Asker: 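To start, I am sharing the structure in question, which I have written as C-alpha cells.
Just so it is clear: chains get the letters A, B, ... in the order the sequence lines come, proteins before strands, and each one is counted from 1. Bear in mind the structure is a predicted one, so any value in this text is a computation, not a measurement.
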2 protein chains.
Amino acid sequence: MSENKPKFRRESPELRREQLIEATLRVIARKGVSAATVREISAEAGVAFSLIRHHFKTKEDLMCAAYAYHMQKMAQLSLSSATDQTRPLADRLRQCIKDTLSPPVTNGAALQVWAGFIQMVPHDARMKQIHRDTYLGFRDTLEPLIAEALTANKTPWDPRLVEHKAIACNAVLDGLWLEGSMLPDMLPAARLIEVAETTLFAILDLPLATAPIDIPT
Amino acid sequence: MSENKPKFRRESPELRREQLIEATLRVIARKGVSAATVREISAEAGVAFSLIRHHFKTKEDLMCAAYAYHMQKMAQLSLSSATDQTRPLADRLRQCIKDTLSPPVTNGAALQVWAGFIQMVPHDARMKQIHRDTYLGFRDTLEPLIAEALTANKTPWDPRLVEHKAIACNAVLDGLWLEGSMLPDMLPAARLIEVAETTLFAILDLPLATAPIDIPT
DNA sequence: GCCTTTGTTGTACGTTCGTACAATAGGGGC
DNA sequence: GCCCCTATTGTACGAACGTACAACAAAGGC
C-alpha cells in the first residue's frame with residue numbers, strides 16, 4: 001500500500017492563473033455570471049477556493065483577466081486569416097466571415113460570457129480599457145481589408161470612406177454574430193455566412209462568387 | 001401641528017408593479033444586475049423591501065417582468081413609425097433607423113440592462129420565451145417594409161429573399177446599436193444613422209437621398 | 001537528505017443576499 | 001363613521017458570498 005500519493009500538485013503561477021481563468025469562463029458560460037463565485041470557480045478548476053486569492057488579489061482582478069483572455073481568444077479566432085497575404089482578398093474576407101459566424105465564435109456560451117462581462121464594463125475602468133482595446137483592434141484589422149478591396153475595385157477612397165465601410169461591415173458581423181449566437185436553430189451558421197457574404201460584398205462592391213468555394217477550416 | 005400625515009400611500013397592484021419594474025431597470029442601468037437586489041430596488045422605488053414579495057412571487061418573477069417591459073419599450077421606441085402607412089416608405093425606413101440609433105434606444109444604460117438580461121436567458125425558460133418573442137416581433141415588423149421596398153423597386157422577390165434581406169437589415173441595425181451604445185463618443189448617433197442609411201438602402205437597392213430630409217422626432 | 005520557498009489547503013468571520021411571517025395602517029364599501 | 005380588505009411595514013432567519021489568516025506540504029537548491 002503506497003502512501004506517497006501527493007495530496008495536490010504545485011503548478012507554476014502562470015499555468016495556475018490560466019487554469020483559473022478558463023475555469024471562470026466555463027462556469028460563466030454554463031451557469032452565468034451570478035453563479036461564478038470563487039467557490040464554484042475553484043471547484044471547476046479542482047482546487048481549494050482559497051487558492052484564488054493567492055493568484056488574484058481580488059475576485060475583480062480574476063474577472064478582468066478572464067475578460068481580456070476571452071476577448072483576445074475570440075478576436076484571434078475571428079480574424080486569424082485576415083492578414084495572411086498569401087491568399088487572395090476575397091478568400092481572406094470569406095474566411096473571416098466563416099470564422100466569425102461559426103462555432104466556437106458564434107456560440108451561445110461565448111455570447112453568455114461576453115454579455116456577462118459587458119455589463120461590468122461601465123463600472124470598472126480596467127474593463128472599459130479592455131473593451132475599447134478589443135473593439136479598436138478588431139476594426140484596425142478590418143480596415144486594411146476594406147482599403148484593399150476598394151483599391152482592387154478601382155474605387156477612389158479616402159480614410160473617411162474606409163472607416164464608414166469598416167463600421168458597416170463590423171456592424172453586419174456583430175449583428176449576425178449576436179443573433180446567430182442567441183437563436184442558433186433559427187439562424188444556422190450556413191445562413192449567417194450566406195447573408196454576411198452577400199451584404200459585405202455589396203458594401204464593398206466586390207463581385208460575389210455564385211458558387212461557394214471550398215474554404216479550409 | 002398636524003398629525004394626520006400618512007406613513008405611506010396605498011397604490012393599486014398594477015401601478016405598484018410598474019413602479020417596481022421601473023425602479024429595477026433604473027438600478028440595473030446605473031449599477032448593473034449584481035447590484036439589483038431586492039433591497040436596492042425597493043429603496044429606489046421608495047418602499048420597504050418586503051413589499052416586493054407581495055407583488056412578485058419571487059425576485060426572478062420581477063426580473064422576467066422587467067425584461068419583458070424593457071424589451072417591449074425598446075421595440076416600440078424603435079419601430080413605432082414602421083406601420084404608419086400615411087408616410088412614404090423611405091421616410092418610414094429612415095425614421096425607424098433614426099429612432100433605433102438615437103437615444104434613448106441606442107444608449108449605454110439601455111445596453112447595460114439588455115446585456116444583464118441576455119445572460120439570464122439560457123437559464124430561464126420564461127426569459128427565453130420573452131427573448132424569442134421580442135426578436136421575432138422585431139423581424140415581423142421589418143419584413144413588410146422589406147417586401148414593400150422590393151415591390152416599389154420592381155425587384156422580383158420570394159419570401160426567402162425577403163427574409164434574407166430582413167436578417168441583413170436587422171443585423172446592421174443590431175450591430176450599430178450595439179457599438180453605438182458601447183462607444184457613444186466614438187460613434188455618435190449622426191454617424192450611426194449615416195452608415196445605417198447607406199447600408200440599408202444599398203441592401204434594398206433603394207435610391208439614397210443625397211441630402212438628409214427633415215425627419216420629425 | 002535537509003532546508004527554504006511558496007503554492008495550497010482548511011477554517012473562520014462579517015456582510016449581504018432572498019425569503020418568511022406577524023403586525024400595522026391606508027382607504028374604499030356600506 | 002365604522003369595518004373589512006389588503007397593501008405595506010419591520011424584524012428575523014438560514015444560506016452563500018468575498019475575504020483573511022494560520023497551518024500544511026510539494027518541489028527545487030544546496
Asker: In terms of the nearest nucleotide of DNA chain D, which residue is placed more toward the 5' end: A:V38 or B:H55?
Answerer: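 Per heavy-atom nearest nucleotide, the more 5' residue is B:H55.
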
Asker: Is it the case that C:dT6 (base atoms only) and A:R10 (side chain only) share a donor and an acceptor within less than 3.5 Å, ignoring hydrogens and angles?
Answerer: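 Per atom types, the contact qualifies.
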
Asker: Could you tell me the separation between the CZ atom of A:F8 and the P atom of D:dA27, rounded to a whole number of Å?
Answerer: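 Answer to the nearest Å: 8 Å.
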
Asker: Roughly, in whole Å, what's the span from NZ in B:K7 to P in C:dG27?
Answerer: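 Between P of C:dG27 and NZ of B:K7: 14 Å.
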
Asker: Please report the distance, rounded to the nearest Å, between CZ in B:F49 and P in D:dA12.
Answerer: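 About 12 Å, once rounded to whole Å.
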
Asker: If we ignore hydrogens and angles and just use 3.5 Å, is the side chain of A:T106 paired with the main-chain N or O of A:T100 as donor and acceptor?
Answerer: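 Side chain of A:T106 to backbone of A:T100: a pair is present.
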
Asker: What is the distance, to the nearest angstrom, from the CG atom on B:L51 to the C1' atom on C:dA20?
Answerer: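 Rounded to the whole Å, the gap is 15 Å.
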
Asker: What is the distance, to the nearest angstrom, from the NZ atom on B:K59 to the C1' atom on D:dA16?
Answerer: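 Roughly 14 Å, once rounded to whole Å.
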
Asker: Are OP1 or OP2 of D:dT8 and a side-chain N or O of B:H54 less than 4.0 angstrom apart?
Answerer: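 Result: no.
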
Asker: Does the A:R92 side chain pair with the main chain of A:R87, one donor and one acceptor, at a distance under 3.5 Å?
Answerer: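 Such a contact is found between A:R92 side chain and A:R87 backbone.
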
Asker: Salt bridge check, A:R191 against B:E163: does any charged N sit closer than 4.0 Å to a carboxylate O?
Answerer: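 Result for this pair is yes, salt bridge flagged.
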
Asker: Base, sugar-phosphate, or nothing for B:T37, non-hydrogen atoms under 4.0 angstrom?
Answerer: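 Sugar-phosphate: the residue B:T37, judged by heavy atoms under 4.0 Å, touches backbone atoms but no base.
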
Asker: Under 4.0 Å between a side-chain N or O of B:R53 and OP1 or OP2 of C:dT19?
Answerer: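 The answer is yes; a side-chain N or O of B:R53 sits under 4.0 Å from OP1 or OP2.
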
Asker: D:dG18 base to A:R39 side chain: any donor-acceptor pair below 3.5 Å?
Answerer: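 Such a pair exists between side chain and base.
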
Asker: Please give, in whole Å, the distance from C:dG18 P to B:L20 CG?
Answerer: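 After rounding, the gap between these two atoms is 14 Å.
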
Asker: Rounded off to whole Å, could you give me the CD1-to-P distance for the A:I41 and D:dT19 pair?
Answerer: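 The answer, rounded to whole Å, is 11 Å.
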
Asker: Would you call the rings of B:Y67 and B:F117 parallel, tilted or perpendicular if under 30° counts as parallel and over 60° as perpendicular?
Answerer: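 Correct class here is tilted.
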
Asker: Give one of base, sugar-phosphate or nothing for A:S12, where a contact means two heavy atoms less than 4.0 Å apart.
Answerer: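 Counting heavy atoms under 4.0 Å across all strands, no contact is made by A:S12.
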
